[in-house]
Amino acid sequence: QVHLVESGGGVVQPGRSLRLSCAVSGFTFNNYPMQWVRLVPGKGLQWVALISNDGTAQYYADSVKGRFSISRDDSENTLFLQINSLRTEDTAIYYCARAAYPYFDYWGQGTPVTVSS
Amino acid sequence: DIVMTQTPLSSPVTLGQPASISCRSSQSLVHSNGDTYLTWIQQRPGQPPRLLIDKISNRFSGVPDRFSGSGAGTDFTLKISRVEAEDVGVYYCVQSTHFPWTFGQGTKVEIK
């Protein structure tokens, strides 16, 4: 059974950094590209970033490029999202999801991030 | 970036009646391989998102057949033939043809 479990969210001050994790099980992790999507209050779902199955390619939304970094550790079956220079507009629930066709087929429960002073 | 525009943003529906959501993209979503990567996602209150339909009209495993997708190029539609109480939530279209992938603003389906 496919499982994705996010962690690492919390309340942080603007300008600080945070690293989110997504531990997966139930499928061969290194066969799958993976992605992060966030649910922004009052605005809806926003696609954040994607990493290829071998980790050599990363793609980002314009709004996070240069501040966010997606990575993976295939030995630990874990996906990461490093978030630097946090802004109030980064407040959201962050979801990880598989990114191979049929894209968006499995999601985690999400981890909330609140950026506030 | 491709802009995805959904209408309406809110859809109050009577139980048992149909609902329809439109999604328009600012550019064609036809990939160079000939496929069109337009997906519909449902998010019920307090739940993670759920895949409903991919490549315009392919229902994902376990999705009831009252949900259907149609369209081509830049214009797409999600239809619910008879709305049930469990269908309450926000529905999003998302394109995965061009990076960065982009979502529509979401359409809230609620019961009248």
Side-chain angles (χ1 to χ4, degrees), chain A residues 1-7 9 20 22 24 26-27 32-52 56-68 70 81 92-112, chain B residues 1-10 21 23 25-26 29 31 33-63 69 78 89-109:
Chain A
Q1 198 168 3
V2 173
H3 275 120
L4 300 90
V5 180
E6 302 93 338
S7 61
L20 307 182
C22 170
V24 313
F27 63 98
Y32 285 82
M34 297 292 296
Q35 62 185 315
W36 290 94
V37 176
R38 64 186 181 183
L39 176 63
V40 179
K43 292 195 173 182
L45 292 176
Q46 292 183 357
W47 183 80
V48 173
L50 179 147
I51 186 167
S52 60
T56 59
Q58 300 88 35
Y59 303 89
Y60 297 93
D62 290 348
S63 58
V64 307
K65 207 175 290 185
R67 295 190 302 120
F68 287 27
I70 188 171
L81 186 68
I93 300 174
Y94 286 75
Y95 298 97
C96 61
R98 295 199 318 189
Y101 181 77
Y103 311 126
F104 307 102
D105 59 349
Y106 287 96
W107 298 69
Q109 291 294 314
T111 186
Chain B
D1 296 1
I2 293 179
V3 177
M4 305 295 288
T5 302
Q6 289 182 227
T7 54
L9 298 184
S10 178
I21 300 169
C23 174
S25 59
S26 60
L29 299 185
H31 193 276
N33 66 9
D35 284 327
T36 300
Y37 296 102
L38 186 284
T39 299
W40 289 98
I41 301 286
Q42 176 197 59
Q43 188 162 30
R44 292 168 171 153
Q47 296 291 315
R50 172 196 181 197
L51 171 61
L52 288 180
I53 289 173
D54 70 89
K55 283 205 291 188
I56 304 176
S57 59
N58 297 329
R59 267 190 310 275
F60 187 55
S61 173
V63 174
L78 174 71
V90 183
Y91 292 77
Y92 300 89
C93 60
V94 52
Q95 67 83 19
S96 305
T97 296
H98 306 284
F99 282 111
W101 293 358
T102 44
F103 282 83
Q105 319 97 298
T107 295
K108 187 174 185 178
V109 171

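If you're wondering where the values come from, they're calculated on a predicted model, not measured in any experiment. In what follows, chains carry the letters A, B, and so on, assigned in the order in which the sequence lines appear, proteins first and then strands, with residues in each chain numbered from 1.
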If one checks every heavy atom of A:I93 against chain B at 4.5 Å, the contacting part turns out to be neither

In Å and rounded to the nearest 0.5 Å, what is the CH2 to CZ distance from A:W47 to B:F99? 5.5 Å

Between B:F103 and A:K43, is there a cation-pi geometry (under 6.0 Å to ring centre, at most 45° from the normal)? no

If you round to the nearest 0.5 Å, how far is CH2 of B:W101 from OH of A:Y59? 10.0 Å

Rounded to the nearest 0.5 Å, how far does CG of A:D62 lie from CG of B:D1? 4.0 Å

Interchain contact, A:K65 with chain B, by part (heavy-atom threshold 4.5 Å): neither

For B:Q47, is it the side chain, the backbone, both, or neither that has a heavy atom closer than 4.5 Å to a heavy atom of chain A? backbone

Under 4.5 Å to a heavy atom of chain B? For A:Y95 that would be side chain

Heavy-atom closest pair (B:L51 atom, A:P102 atom, distance to 0.1 Å) is CD2-O, 3.4 Å

Can you list the residues that meet the side-chain contact (heavy atoms from CB on, under 4.5 Å) rule with A:V64, with sequence neighbours excluded? A:R38, A:V48, A:Y60, A:A61, A:F68

Salt bridge (charged side-chain N to carboxylate O under 4.0 Å, His left out) pairs, two or more places apart, involving residues 102-111 of chain A: A:R98-A:D105

Take a 6.0 Å sphere around NZ of B:K55 and say whether it holds more than 12 heavy atoms from other residues, nucleotides or ligands. yes

Shortest non-hydrogen separation from B:P48 to A:W107 and the atoms involved: CB-CB, 4.5 Å

As an exercise, state the distance from CG of A:L45 to CD of B:Q43, rounded to the nearest 0.5 Å. 5.0 Å

Given heavy-atom pairs under 4.5 angstrom as the criterion, report whether the side chain, backbone, both or neither of A:Y103 touches chain B. both

